[in-house]
Every structure is written in structure tokens, then in C-alpha cells.
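Just so you know, residue 1 is the first one in the sequence shown, and it goes up from there. All figures in this text were calculated on a predicted structure; none of them were measured in a lab.
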Amino acid sequence: MLSFLSHNSSLLLIFAAIFGFIFPAASAAVFPYLPYILFFLMLFTLLGIQQRLLIKLLAQRSIWLYAGFHSIFLLLISSSVATLAGASTSLTLAISAVAATGSLFATPAIARSVGLEPLKAMAMTIASTLLMPIVLYATLMLFQNDSVSLDIHSYVQRLVIFIFGPMIFSAVCYHVIPHNLLHRVHGKLSQVTILLVLAFPFGLIGPFREVFNQSFSTGIFFLTIGLAICAFYFIVGYVVYYRHGIDEGLLAAITSANRNVLLTFTVAGSYLGPDFIVLMGAIQLPTYCLPMLVKWINRYLSQVAIHKPAKN
């Protein structure tokens, strides 16, 4: 059963988002447990990574240049476009917070499922996640007013628990538990992680459905913004990194478009304004459609490369 779920994970993620939209009460029941599920997903993912190779990758300048592109460059572009388009302060803050967010911790698994390098995806994910607190803090301070006031103590406490906690715990496990045993245990746990990932699109889309219930036009408006954000980050990521090869372009594209918005919400919560939780739900369906899209693009580009006539 678990192997079936793993094999069909791309399609199941889309269905999870659709079912969460159809059954908002069930989605709302799952939502409070998502931060805990996120903690264990991050932990299980990190336990399966070869940490020495990961640290070597994290020492590379290119990984941190990507993190800057992911969190700072795309933030500046997104917030500028939102401001020029006349978006409200709350919506601009929501869009900026999404842009400041690190990549999904499910990205390495998604990268593996579409034939891309999972270890590099993990390094890019961790780098963007480590940069996120600084960029998000600067963003919140910029928008801080009477309605948005940042509690530094609470912010740091959540950072320690939900970002550094899984990283430190996995590092301790790696040094204490024999590697053979650790990898054997992780082999079993990795089959369960797909169930954890399915909880996110299902549990996060509920607030977006509530907006649809109140106003269909407002729901379509947020869905359009969600689609635009995912498409823009995907296209820009691919265009910027395509010069390093098709695989590098696709890896940057899917890592850029996958946003761990639950982690941002867990860390910053009410400081993000009322529009963030709606936008967080609106990007679920387009985000989890990406793996199937990348599979199709990768297959198409590979066929084009095979049939492309060689230069004399």
C-alpha cells in the first residue's frame, strides 16, 4: 500500500488539495496538527540525507547564491510588482512573506520522483530555509504598524523549535546511532513520509475554500494570484539556471516554486496579516501540480535533445 502511494504521489498530492477544497470541515480539522507533522517531516527527511555530502554542498558558494535568488531577488520583484499593481498593504505583505519563504522540505522527494538530483535539492532547501528567518524578519519590520507588531521572543522561540530543532536532532542522531541502523530505519520511515506530505495540501486549502463560500470573485482573485506566483517563480528559476543545463534549470524552477508556507505561518503566525492564510491555501493546488508538470517538461526536453541534429 505504501509503495503504491509513493509511486502515485504526484497524482495523490493533487487529489489531496482537491479533497481538502471539497471537504473544508475535514481540512479545518487537520490544520491544527500540521505544524507537528511538518516538524517530523523535516526530521525524517534530514535523517535520510548523507550529512557529510550535504555539508560539502552547503559550503559551496552556488548554493547560497541560489538561496539569495530564492528569498531576496524574488522577494524584491514580487513586492515591487504588488506595489505597482496597487495591492493593499495586507496583500503585499502576504505576497512578500510567500517570497521570503524557504523551499518545501518535500522538494528533494519531488526532485527524485522526476529524475532530478535530490541531494542538491536538499542543500538548496536548507539554505533557503536558513536564510528565511532573516529575510522574513526584515519584511515584517518593513510592514510593522499598529496592526502588525512583531514579538521577537516568540519569533525566535518558534525558529528554534521548528527550524533548528529538527536539524540539531537529526545531527545528534547521525552521531549517536550507527549509520547502517539509521539508514535501515529511515528506509521504513521514508515510506510513511508520503502520508505526511499528503496532509499539507489537504489541511492548508480549507481557509481558501471559506473565501470561496463568502465571495466567488474573491476566491478566483486569490487563485489567480496563487497561480501567478507559482508560474512566475517556476519560469524565472528555469530561465536563470537554464544556462547550467536542463536539469539545473528544472531543479531551480521546482525548488523556487515550492514554498514552505506552513513553516512561515508557524514561525510568524498572526504577524503576517489576514491575507496570508488565504494565499497560503490558494497556492496549494498549483504547487502540487508542479511535479506532474516537471515530469512532462523533462520528458519533452529530453526527447527534443535526443532528436536535435548534431552540429558539424
Side-chain angles (χ1 to χ4, degrees), residues 1-2 4-6 8-45 90 94 97-98 101-107 109-110 154-155 157-159 161-163 165-166 188-216 218-223 225-227 229-230 258-291:
M1 183 63 179
L2 288 175
F4 171 81
L5 293 175
S6 180
N8 296 281
S9 58
S10 298
L11 192 59
L12 290 172
L13 287 168
I14 297 173
F15 282 135
I18 293 172
F19 287 141
F21 185 84
I22 295 173
F23 304 106
S27 176
V30 171
F31 182 80
Y33 300 99
L34 290 180
Y36 308 105
I37 296 173
L38 175 64
F39 179 92
F40 286 105
L41 176 64
M42 292 173 67
L43 177 60
F44 293 163
T45 303
S90 178
V98 170
T101 297
S103 187
L104 278 172
F105 261 71
T107 300
I110 293 171
S154 175
Y155 182 73
Q157 188 180 53
R158 292 179 182 184
L159 285 178
I161 294 172
F162 288 100
I163 294 182
K188 301 295 183 182
L189 291 175
S190 62
Q191 295 181 325
V192 182
T193 55
I194 183 59
L195 296 176
L196 299 183
V197 176
L198 288 173
F200 296 119
F202 183 82
L204 288 174
I205 205 167
F208 176 56
R209 170 60 191 270
E210 291 179 11
V211 171
F212 256 97
N213 291 342
Q214 296 169 7
S215 171
F216 181 79
T218 303
I220 293 296
F221 173 72
F222 274 97
L223 179 60
I225 294 175
L227 286 167
I229 288 173
C230 289
N258 284 343
R259 298 278 162 161
N260 196 353
V261 286
L262 176 63
L263 181 59
T264 301
F265 180 77
T266 302
V267 167
S270 59
Y271 313 128
L272 298 171
D275 286 337
F276 181 81
I277 192 169
V278 180
L279 187 58
M280 181 171 67
I283 68 172
Q284 294 307 303
L285 187 58
T287 293
Y288 289 104
C289 283
L290 287 175

Apply the test side-chain contact (heavy atoms from CB on, under 4.5 Å) to residues Ile229 and Leu279: give CA-CA distance (whole Å), side-chain angles for both, the deciding distance (0.1 Å), then the verdict. CA-CA 10 Å; Ile229 288 173; Leu279 187 58; 4.0 Å; yes
side-chain contact (heavy atoms from CB on, under 4.5 Å) assessment of Asn260 paired with Thr107: CA-CA 10 Å; Asn260 196 353; Thr107 300; over 6 Å; no
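Checking side-chain atoms of Thr101 against main-chain N and O of Ala97 turns up a donor-acceptor pair under 3.5 Å. For the pair Gln284 (side chain) and Met280 (backbone), a donor-acceptor distance under 3.5 Å is present. Looking only at distances, a side-chain donor or acceptor of Ser27 sits under 3.5 Å from a matching main-chain atom of Phe202.
Heavy-atom neighbours of Phe221 CZ from other residues, nucleotides or ligands within 6.0 Å: at or below the threshold of 12.
Atom CG of Leu34 sits about 8.0 Å away from atom OG1 of Thr266, to the nearest 0.5 Å. The CZ atom of Phe265 sits 7.5 Å away from the CG atom of Leu272 when rounded to the nearest 0.5 Å. Summarising the geometry, atom CD1 belonging to Ile14 is positioned 11.0 Å from atom OG1 belonging to Thr287; distances are rounded to the nearest 0.5 Å. Here the CG-OG distance, from Leu263 to Ser103, works out to 11.0 Å after rounding to the nearest 0.5 Å. Rounding to the nearest 0.5 Å gives a distance of 6.0 Å between CZ of Phe200 and CG of Leu262.
Screening Leu11, Leu198, Leu104 for a side-chain contact (heavy atoms from CB on, under 4.5 Å) involving Tyr288 leaves a single residue, Leu104.
For the residue pair Val98 and Phe276, the shortest heavy atom distance occurs at CG2-CE1, 3.7 Å. Scanning all heavy atoms of the two residues, the minimum distance from Val197 to Leu13 falls at CG1-CD2, 3.4 Å. For the residue pair Leu204 and Phe31, the shortest heavy atom distance occurs at CD2-CE1, 3.8 Å. Nearest heavy-atom pair across Ile205 and Ala17 is CD1-O, 3.4 Å. Nearest heavy-atom pair across Ile283 and Gly226 is CG2-CA, 3.6 Å. Arg209 and Phe21 make their closest contact through NH1-O, 2.6 Å (heavy atoms, listed as atom of the first residue, atom of the second, distance).
Between Phe212 and Phe208, the distance separating the two ring centers is shorter than 6.0 angstrom.
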